[in-house]
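Here the structure comes first, spelled out in structure tokens, and everything after it is commentary.
It should be emphasised that the depicted structure is a prediction, and the values quoted were computed from it without experimental measurement. Naming convention: chains lettered A, B, ... in sequence-line order (proteins, then strands); numbering from 1 in each chain.
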Amino acid sequence: MSETTTTHESSDKRLLIIDGHSMAFRAFYALPAENFATSTGQHTNAVHGFVSMLLTMLRQQKPTHVAVAFDLDTPTFRSTEYGEYKGGRNKTPEEFYGQIDLIQQVMKAMNIPCISLDGYEADDILATLSKQGEAAGFEVLVVSGDRDAFQLITDKTLVLYPKKGISDIPPMDAEAIEAKYLVRPERYSDLAALVGESADNLPGVPGVGPKTAAKWLNLYGDLDGVLENIDSIKGKVGDSLREHVESVKRNRRLNQLLGDLELPVTLDDTELGTPNREEIENLFDALEFNTLRKRLFDHFAAAEEETQVEVAEINEISVASVAELKEFLSAGKDQRITVHLAVVGGELVGLALFRELDGCWLELGALDEPRRAVLSEFLADENQPKVLHDSKAAMHLLHQHGLTLAGIADDTLISAYLIQPDRRSHELADLVQYHLGYALAKPPAPKAGELDLQLSGDLAEPTLRQAQAVHDLSAYLDTEMAQKHADALARDMELPLIPVLFDMEQAGVAVSRERLLELREHFTTLVERATAGAYAAIGHEVNLSSPKQLQVVLFEELQLPKTKKIKTGYTTDAESLQDLLISTEHPFLVALMEYRDASKLRQTVDGLLKFVTQDGRIHTTYAQTVAATGRLSSLNPNLQNIPIRSEQGRRIRDVFVVGEGYETLLTVDYSQIEMRIMAHLSGDEGLIEAYQNGEDLHRYVGSRVFDVAPEDVTSEMRSKVKAMSYGLAYGLSSFGLSKQLKISVDEARTLMKDYFDRFGAVRTYLRSVVEQARRDGYTETIFGRRRYLPELNSSDRNLRQIAERAALNAPIQGSAADLVKIAMLNVDRRLREGKFSSRMLLQVHDELVVEIAPGELDAVTELVTYEMEHAAQLRVPLDVQPGTGATWHDAAH
DNA sequence: AGCTTAGCGA
DNA sequence: ACGTCGCTAAGCTA
């Protein structure tokens, strides 16, 4: 019997349900009627807009099933109960007549079912279909301009609610509703009943707006609760509510959508097929739709070929004059504009701007001053939302040309990462292929050494194509993010962090080149000394950096005992060398280990020297979309792995110095952040109490595990429980613990049992994390960052166990990463608000390094300490330790 | 160019 | 087989 494993990455069935009248009206008002009429005088703007919008959604959302619901003119149970229902609406414009019928004809030709039901409204059909879809395992998208649809929002159902026009239709999920109306979607109808809905001619309680209604609902649970407690509501609004209670009850009856209707179609009937070509041809001939005809057939031709998705034509707009450029940019006011840079050999040469189907190309070298000024203002305008792929890199490139980038509304690199944090690459072309299903052409690469003057012209088309791809990806990934509840994380954490990281990278950290050179000499001397010693010990030369050659020396020449097996023979790693030294005391091993240590440190110093720039500083790059747990990583160079543990290694930290014009360096780091998160997540009373009482955690745990008084915990006991406590967060086994502590497996097992006997909630928590992740397909941090681990259900035991350890660790490491990011955002905000000149330079997972401007030390220390301690309210206090000094080493404590 | 081994950090 | 997440360098093989 075969078993299908469910993937949680994305559902393969997606149902798109459209409120036909609602969207037809949107389209009607978005396009001028006078521009869309056939030669016989039939207006077609609503039809055109509707079909265009539908095609855009098919392209962006890729539904597998589609249906359109329409109201009928006949009375509904609502108008029967309440004669004035939807009364008072303006008369339907004359130009609208006949267009609904035409839309239905197009739908029929496209083999998309139109559903109406006598006595009910389209909204009830949406409700019924979304319920059916959810039950059948679909991801459901409801397209409606009617707020009543919000009550349908669930984990699996989103509402696409048009903001304005037909191009900006953001997905609304529970978080979005809550942010806007302060109640969960399931309470939205209660709120609407109190507030009233003018579009339906349902008057609410006078004097009661969304804020008051939300306050009541959150106080009493729901509308029934409000009505039960109606007499305890004081003041004028209370009187008003009591006076209008009957209309509230009526409103609630009327705005409840019916999800259990008998429909004339089944879900299977809504499966998206191919259009009837002949019918479409005839219909579009009559409607005089030609560009739309091509778009429609291109779309379905591509869908049919599967691998070959046709991409919409780009309407390239000339921006040769200031007026044209202004026009392009202002036509998109309040609308997101995608910006994509063309880079040749690391140099910015031009950029493409794109919105919907319109795009323009600007070559930087050919830009006159007036247009440059317009572009510069556009890019820097915080209130002009922009969409990019890798906006931090773009900020650096633009900065080199004196341009500032702000107003980043979306970054597809971030979106793709939040949806699939385990993916190693999020390159644009890969994402387009994976999510949108077509191959994005690469811009022509320049021939080595020659800068072709024609090249810039050749770049316009591919760069516009890339901009279009970013635009389409953004729409698709935004929906995916909403579905996976990553939208708030993007909006409130990752996107705001981009400019903060940019500033840190731009600032860099000052280093003493002199000390680096001294250290290089020093470590070189040590390397040479160790090398000579090693050669002397064996009587000949050998490449001490070659594990392969070392294996020959150790295991053949010297006949030392074999170490742990690896692919290429036997390992020569530090731990094994140490073991060999203990058992054989061979002098070669001493020299080899000294060589390893010294050459590693020299290599670190050499690496740093390569990255010192003209300003005497090192500018690392933070990768925001690499670590699957949500951490940042640092590269070119990596400043998150500068040695600290060994005495010799620590000396490297002295080369990182306070910059000219600044007073000192401040470092602030979290104390035991991951253990505190473990205490919070597990809710273990013992751990929580220990932290709340400010005890030495490892001593406290040691006293419980070994059943002795805290003062009798020996340093050996303490280090054992410390290793165990940390190991637990990584999925440590008793075997691993025994190896680490060099004790027997039995002893390790007993140790763990004693630990869990005293801190049972930790075991319960760790088990529940894996269980939950196996069930849902993902783990989640305190702040809702998910990591998808499909291999928890793998039949390969090895893969499964790796995934289990990742599942144990991800919420802990990830929550810590979230906390630090929140702290960084708040520190950055307050440094700017307070007009401080001090600036954040480095983040090392649980530590922030700040360069302090003269006179600001006390205030900034206080500020950073406060924001790190208050990044979130956990069940245990967050403790941080500040330190200051002229070098990174001196600032550490 | 890509893999393997090694070692540094949280 | 046996603890998570990263980055870089060197040797070696292709």
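Within 4.0 Å (heavy atoms only), A/Ala623 reaches no atom of the nucleic acid at all. Here A/Arg805 lies in heavy-atom contact (under 4.0 Å) with sugar-phosphate atoms only. Nucleic acid contact class of A/Lys548 (heavy atoms, under 4.0 Å, all strands): sugar-phosphate only. Using a 4.0 Å heavy-atom distance criterion, A/Asp846 is classed as a sugar-phosphate-only contact. Within the nucleic acid shown, A/Gly736 comes within 4.0 Å of sugar-phosphate atoms alone, with no base atom in reach, counting heavy atoms only. Nucleic acid contact for A/Thr604: none, since no nucleic acid atom lies under 4.0 Å from a heavy atom of the residue. Using a 4.0 Å heavy-atom cutoff across all strands shown, A/Ile644 reaches sugar-phosphate atoms only and no base atom. A/Ile566 comes within 4.0 angstrom of sugar-phosphate atoms only, judged by non-hydrogen atoms across all strands, and of no base. If you check every strand for non-hydrogen atoms under 4.0 Å, A/Arg424 touches nothing. Among the heavy atoms of the strands lying under 4.0 Å from A/Ala628 are primed sugar atoms or P, OP1, OP2 only; no base atom is included. Within the 4.0 angstrom heavy-atom criterion, only backbone atoms of the sugar-phosphate kind lie near A/Arg596; the bases stay farther away. At a threshold of 4.0 angstrom between heavy atoms, the contacts of A/Ile812 with the nucleic acid are absent. Within the nucleic acid shown, A/Lys567 comes within 4.0 Å of sugar-phosphate atoms alone, with no base atom in reach, counting heavy atoms only. Nucleic acid contact class of A/Asn636 (heavy atoms, under 4.0 Å, all strands): sugar-phosphate only.
Checking side-chain atoms of A/Arg653 against main-chain N and O of A/Pro643 turns up a donor-acceptor pair under 3.5 Å.
Applying the side-chain hydrogen bond (donor to acceptor under 3.5 Å, both in side chains) test between A/Arg651 and each of A/Glu518, A/His522, A/His889 identifies A/His522 as the sole match. Under the side-chain contact (heavy atoms from CB on, under 4.5 Å) rule, A/Val511 has a single partner from A/Leu608, A/Ile618, A/Thr613, which is A/Ile618.
An OP1 or OP2 oxygen of C/dG11 is reached within less than 4.0 angstrom by a side-chain nitrogen or oxygen of A/Asn543. Using a 4.0 Å cut-off, no side-chain N or O of A/Ser634 falls inside it from OP1 or OP2 of C/dG6. Residue A/Thr572 has a polar side-chain atom (N or O) positioned under 4.0 Å from OP1 or OP2 of B/dA6. Contact check, A/Arg645 against B/dG9: a side-chain N or O comes under 4.0 Å of OP1 or OP2. Distances shown here put every side-chain N or O of A/Arg602 at or beyond 4.0 Å from the OP1 or OP2 atom of C/dA9. One finds no side-chain N or O of A/Thr568 lying less than 4.0 angstrom from the OP1 or OP2 phosphate oxygen of B/dT4.
For the pair A/Lys821 and A/Phe783, the cation-pi criterion (under 6.0 Å, within 45° of the ring axis) is not fulfilled.
By the 4.0 Å N-to-carboxylate-O rule, A/Glu575 lies too far from A/Lys739 to be salt-bridged with it.
Nucleotide B/dC8 holds its P atom 16 Å from the CG atom of A/Asp606, rounded to whole Å. Atom CZ of A/Arg785 and atom P of C/dT4 are 20 Å apart (whole Å). As a whole-Å value, the separation of A/Gln843 CD from C/dG6 P is 14 Å. Between the CD atom of A/Gln551 and the C1' atom of B/dT5 there is a distance of 10 Å, given to the nearest Å. Whole-Å rounding puts the A/Asp573 CG to B/dT4 C1' distance at 13 Å. In this entry the distance linking CD of A/Glu804 with P of C/dA1 reads 17 Å, nearest Å. Look at CZ on A/Phe611: it is 12 Å from C1' on C/dA9, rounded to the nearest Å. Between A/Gln813 atom CD and B/dA10 atom P the separation is 13 Å, expressed in whole Å.
Aromatic rings of A/Tyr730 and A/Tyr726 (six-membered ring for Trp) have centroids beyond the 6.0 Å cut-off, not under it.
Here the separation of C/dA1 from B/dG7, taken at their C1' atoms, is 22 Å to the nearest Å.
If you check distances only, the side chain of A/Gln603 never reaches the base of B/dG7 with a donor-acceptor pair under 3.5 Å. You won't find any donor-acceptor pair under 3.5 Å spanning the side chain of A/Asn638 and the base of C/dC7, going by distance alone.
Between A/Gln801 and A/Ser633, the one whose closest nucleotide on DNA chain C sits nearer the 5' end is A/Gln801. Nearest-nucleotide assignment on DNA chain C puts the 5′-proximal partner with A/Asp422, out of A/Lys610 and A/Asp422.
Base pairing of C/dG6: its partner is B/dC8, meeting the Watson-Crick or G-U wobble criterion (both donor-acceptor distances under 3.5 Å).
The neighbour count for A/Glu557 CD, taken as heavy atoms of other residues, nucleotides or ligands under 6.0 Å away, is above 12.
In this structure, the nucleotide among B/dA10, C/dC2, C/dA1 sitting nearest to the side chain of A/Arg631 is B/dA10.
Contact annotation: the side chain of A/Val849 never approaches that of A/Val509 to less than 4.5 Å [non-hydrogen atoms, C-beta and beyond].
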